[in-house]
Asker: 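Handing you this structure, nothing more for now.
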Protein chains: 2
Amino acid sequence: MRADDWVRARSAGVNPTQLAILRLLDGRGPGWTVKELSLQLGVSQPTVTDSILALERKALIEKQADPADGRAVRIVIISAGRAVVRAGEETAGAVDRAASALDDDDQEQLLVQLVSVIRQLQEQGAIPIQRMCVSCRYFRPYAHADAAQPHHCNFVDAAFGQQDLRIDCRDHETADPSVRAATWGAFQKDHHPPGE
Amino acid sequence: MRADDWVRARSAGVNPTQLAILRLLDGRGPGWTVKELSLQLGVSQPTVTDSILALERKALIEKQADPADGRAVRIVIISAGRAVVRAGEETAGAVDRAASALDDDDQEQLLVQLVSVIRQLQEQGAIPIQRMCVSCRYFRPYAHADAAQPHHCNFVDAAFGQQDLRIDCRDHETADPSVRAATWGAFQKDHHPPGE
DNA sequence: GACGATAAATAGGAATCCTATCTAAATAGG
DNA sequence: CCTATTTAGATAGGATTCCTATTTATCGTC
């Protein structure tokens, strides 16, 4: 797993932590603060400062003064950094290739079960990252009658199916805890109807 | 994931890599060579030397001269090291707790699918051989008619069920590639009978 | 305007990881 | 039998991640 991270990242000239930061930065215009990144990644604030310095040396990101807070710094990705993220994505990881060897039903089951396990980890507080549909304020499970595409994403305003559930969506915005609980309930109930 | 590794390892006074080495050493009498460890862990040989030195400083392992090869060193775990492994195991990781929130059928499905993905990674050469039943020379899939305990382990000479498939068995011994392929075929065929 | 809280940087240190190189022992060939 | 290659580990040197503790500057608040 770690080895896979390295293969993906190495091919783009950065290491896994740096690639993770770039992926977070990508797709959020206003940028992130150091604090936000450290919370999202689950590492200490000085560690993020270290990696930010490394990325700055490689000219993949920029630091901008926060107009609203003189202490804060807004980290934004620049075009070279975006290119690295694209390159990293094209080098589809070995895990992806391995998973695609499963048949479609198994892939869908695996995805749903992983979502379940990851959600549990998040609710336990064991991992900080929240980028899955089931914790997103745009997610509406089973909003449609169509069995092939029962879910709805209010961000792109489109229906989608179980097999397209996201684990790491760049447009994710965390919903309030009570909303999350309700969303999860609806997702679970209709996915595991009583009597199945 | 990495954070979880740290929690487990930290509680025992070692870090994840060191714990991984101890877990490998545990349960193999004759010990391992540095080379074998580096292959199994997927890191370079000097990295293993580093970690071995750290573990030796902590008096958790011992280096012994190999009687058959004057260049080689046999790394063996000593009692303090075994205690560390036990402690690490008791601190059940967050992932285990999260997975146990799934119902039994889902857990079994998840296990089987993970076995499948991991095996694929191994055959691709993306990760070193892991100590799973399906690559072990003692494993006989579907050797019994009993649907609850169809598999057989020749090491302990006992039948067991799908839900007890091992992902990291300490008694694992890698089977030859042709045997592995045949075992996997039998495991797959009976697990996914034609027409299911 | 002083005071506690907060954002980030800095200092110092430990550990993982790498590539390249070195030493010593095993093995192969003439 | 003696050299040449290969192989097992250890060393050297360097980059990076990651930590805790501390410092500096700024923000809010009383």
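Each chain gets a letter, A, B and so on, in the order the sequences are listed, and its residues count up from 1.
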Asker: With rounding to the nearest 0.5 angstrom, report the CD1 to CZ distance, I21(A) to R23(A).
Answerer: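 If we round to the nearest 0.5 Å, I21(A):CD1 and R23(A):CZ are 12.5 Å apart.
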Asker: Which nucleotide, in any strand shown, forms a Watson-Crick or G-U wobble pair with dT19(C), with both distances under 3.5 Å?
Answerer: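 dA12(D) - that is the nucleotide pairing with dT19(C), both distances being under 3.5 Å.
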Asker: For the side chain of D50(A) and the base of dC18(D), is some donor closer than 3.5 Å to an acceptor across the two?
Answerer: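 By the distance-only test, yes, there is a pair.
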Asker: Starting from C1' on dT26(D), measure out to NZ on K35(A) and report it in whole angstrom.
Answerer: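 Nearest whole value for this atom pair: 15 Å.
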Asker: Look at the side-chain N and O atoms of R57(A) and state whether any lies under 4.0 Å from the OP1 or OP2 oxygen of dT16(D).
Answerer: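 Affirmative; the distance criterion is met.
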Asker: Can you identify which nucleotide, out of dA8(C), dG9(D), dC19(D), has its nearest atom closest to the V73(A) side chain?
Answerer: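 The answer is dA8(C), which lies nearest to the side chain.
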Asker: State the CD-CD distance between Q162(B) and Q149(B), to the nearest 0.5 angstrom.
Answerer: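 So the gap between those two atoms works out to 12.0 Å.
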Asker: Quick one: L60(A) CG to dT16(D) P, roughly how many Å, whole number?
Answerer: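 Checked: the CG to P distance equals 12 Å.
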Asker: Take atom CZ of R74(B) and atom P of dA8(D), then tell me their distance rounded to the nearest Å.
Answerer: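 After rounding, the reported distance stands at 12 Å.
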Asker: Working to the nearest 0.5 angstrom, can you tell me the gap between Q40(B) CD and L37(B) CG?
Answerer: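 One finds 8.5 Å between CD of Q40(B) and CG of L37(B).
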Asker: Which one, dG9(D), dT19(C), dC27(D), comes nearest to the side chain of Q45(B)?
Answerer: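 Ranking dG9(D), dT19(C), dC27(D) by closest atom to the Q45(B) side chain puts dG9(D) first.
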Asker: Nearest whole angstrom, please: distance from the P of dT7(D) to the CD of E36(B).
Answerer: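 Taking CD of E36(B) and P of dT7(D), I get 15 Å after rounding.
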Asker: Does dT16(C) have OP1 or OP2 sitting under 4.0 Å from an N or O in the side chain of S51(B)?
Answerer: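 Answer is yes, contact under 4.0 Å.
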Asker: Distance check needed: dT7(D) P versus L39(B) CG, whole Å only.
Answerer: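 Value for this atom pair: 13 Å.
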Asker: Taking OP1 and OP2 of dA8(C), is either one under 4.0 Å from a side-chain nitrogen or oxygen of T49(A)?
Answerer: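 Indeed not, no polar side-chain atom of T49(A) lies that close.
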Asker: Report yes if at least one side-chain N or O of T17(A) is closer than 4.0 Å to OP1 or OP2 of dT17(D); otherwise report no.
Answerer: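 For T17(A), the contact criterion (side-chain N or O under 4.0 Å from OP1 or OP2 of dT17(D)) is not met.
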Asker: Is any side-chain nitrogen or oxygen of K63(B) closer than 4.0 Å to OP1 or OP2 of dA10(D)?
Answerer: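 True: K63(B) side-chain N/O within range (under 4.0 Å) of dA10(D) OP1/OP2.
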Asker: When Ile, Leu, Val, Met, Phe, Trp and Tyr are grouped by side-chain heavy atoms lying under 4.5 Å apart, directly or through other members, which residues fall in the same group as F155(B)?
Answerer: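 Direct or chained contacts put F155(B) with Y138(B), V156(B).
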Asker: Please determine, for dG30(C), whether a Watson-Crick or G-U wobble partner exists with both distances under 3.5 Å, and give it or none.
Answerer: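 Answer to the pairing question: dC1(D), which forms a Watson-Crick or G-U pair with dG30(C).
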Asker: Is the gap between the ring centers of Y142(B) and H151(B) under 6.0 Å?
Answerer: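 When the ring centroids of Y142(B) and H151(B) are compared, they turn out to be within the sub-6.0 Å range.
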Asker: Side chain of R71(B) only, heavy atoms from C-beta on: which candidate in dA12(D), dA11(C), dT7(D) is closest?
Answerer: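 Looking only at side-chain atoms, R71(B) lies closest to dT7(D).
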Asker: At under 4.0 Å between heavy atoms, what does D66(A) touch on the DNA or RNA strands: base, sugar-phosphate, or nothing?
Answerer: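 It contacts nothing in the nucleic acid.
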Asker: Can you figure out which of dA26(C), dC18(C), dT6(C) approaches the side chain of V43(B) most closely?
Answerer: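 Of all the options, the side chain of V43(B) is nearest to dC18(C).
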Asker: Can you tell me if the side-chain N/O atoms of Q18(A) get under 4.0 Å from OP1 or OP2 in dT17(D)?
Answerer: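 It does, given that an N or O in the side chain of Q18(A) lies less than 4.0 Å from OP1 or OP2 of dT17(D).
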Asker: Are OP1 or OP2 of dC19(D) and a side-chain N or O of T47(A) less than 4.0 angstrom apart?
Answerer: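 So the side-chain polar atoms of T47(A) do come within 4.0 Å of the phosphate oxygens OP1 or OP2 of dC19(D), strictly under.
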Asker: Using the closest heavy atom to pick a nucleotide of DNA chain D for each, name whichever of S44(A) or I52(B) lands nearer the 5' end.
Answerer: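 So the residue in question is I52(B).
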Asker: Nearest nucleotide by nearest heavy atom, which residue falls closer to the 5' end of DNA chain C, D69(A) or L53(A)?
Answerer: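 Looking at the nearest nucleotide for each, D69(A) comes out on the 5' side.
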Asker: Distance check needed: dC17(C) P versus L37(B) CG, whole Å only.
Answerer: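 Result: 13 Å.
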Asker: Roughly how far, to the nearest 0.5 Å, is the CD1 atom of I61(B) from the CD1 atom of I52(B)?
Answerer: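 The CD1 atom of I61(B) is 4.0 Å from CD1 of I52(B), to the nearest 0.5 Å.
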